[in-house]
Amino acid sequence: MNLGPRSLILVRHGESTANAAGAFTGRLDVPLTERGREQARAVGRRLSEREPAGSTCR
């Protein structure tokens, strides 16, 4: 990942059981499928490769 020093990274959840079934769940907290768990692990690995961002107030 080659992003600039002022990057904002947005991550959506992985595939859920409702996504796999083609259902819209709105506010329900449904579990991830095995594919969704692997997607979450993969994005976690990618994000861990980045330097931690510091916060600056001016």
Side-chain angles (χ1 to χ4, degrees):
M1 226 181 299
N2 188 11
L3 301 173
R6 292 182 182 254
S7 299
L8 173 66
I9 301 170
L10 302 176
V11 177
R12 187 176 182 273
H13 62 78
E15 181 184 71
S16 70
T17 54
N19 296 141
F24 175 75
T25 60
R27 296 183 183 188
L28 297 177
D29 188 14
V30 294
L32 296 178
T33 61
E34 182 54 41
R35 179 178 180 208
R37 287 188 291 276
E38 179 50 41
Q39 290 169 333
R41 286 188 289 269
V43 78
R45 286 189 297 270
R46 294 287 303 268
L47 290 174
S48 71
E49 296 169 0
R50 294 186 47 80
E51 292 293 322
S55 60
T56 304
C57 296
R58 294 179 192 207

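- Closest approach of Gly14 and Gln39 over heavy atoms only: CA-OE1, 3.2 Å.
- To the nearest 0.5 Å, atom CG of residue Asp29 and atom NE2 of residue His13 are 10.0 Å apart.
- Inter-residue side-chain proximity for Leu47 and Ile9 is flagged as met; some heavy-atom pair is nearer than 4.5 Å.
- Using a 4.0 Å cut-off between charged nitrogen and carboxylate oxygen, Arg37 and Glu34 count as a salt-bridge pair.
- Note: Arg35 CZ to Thr17 OG1 = 13.5 Å, rounded to the nearest 0.5 Å.
- Here the side chain of Thr33 pairs a donor or acceptor atom with the backbone of Glu15 at under 3.5 angstrom.
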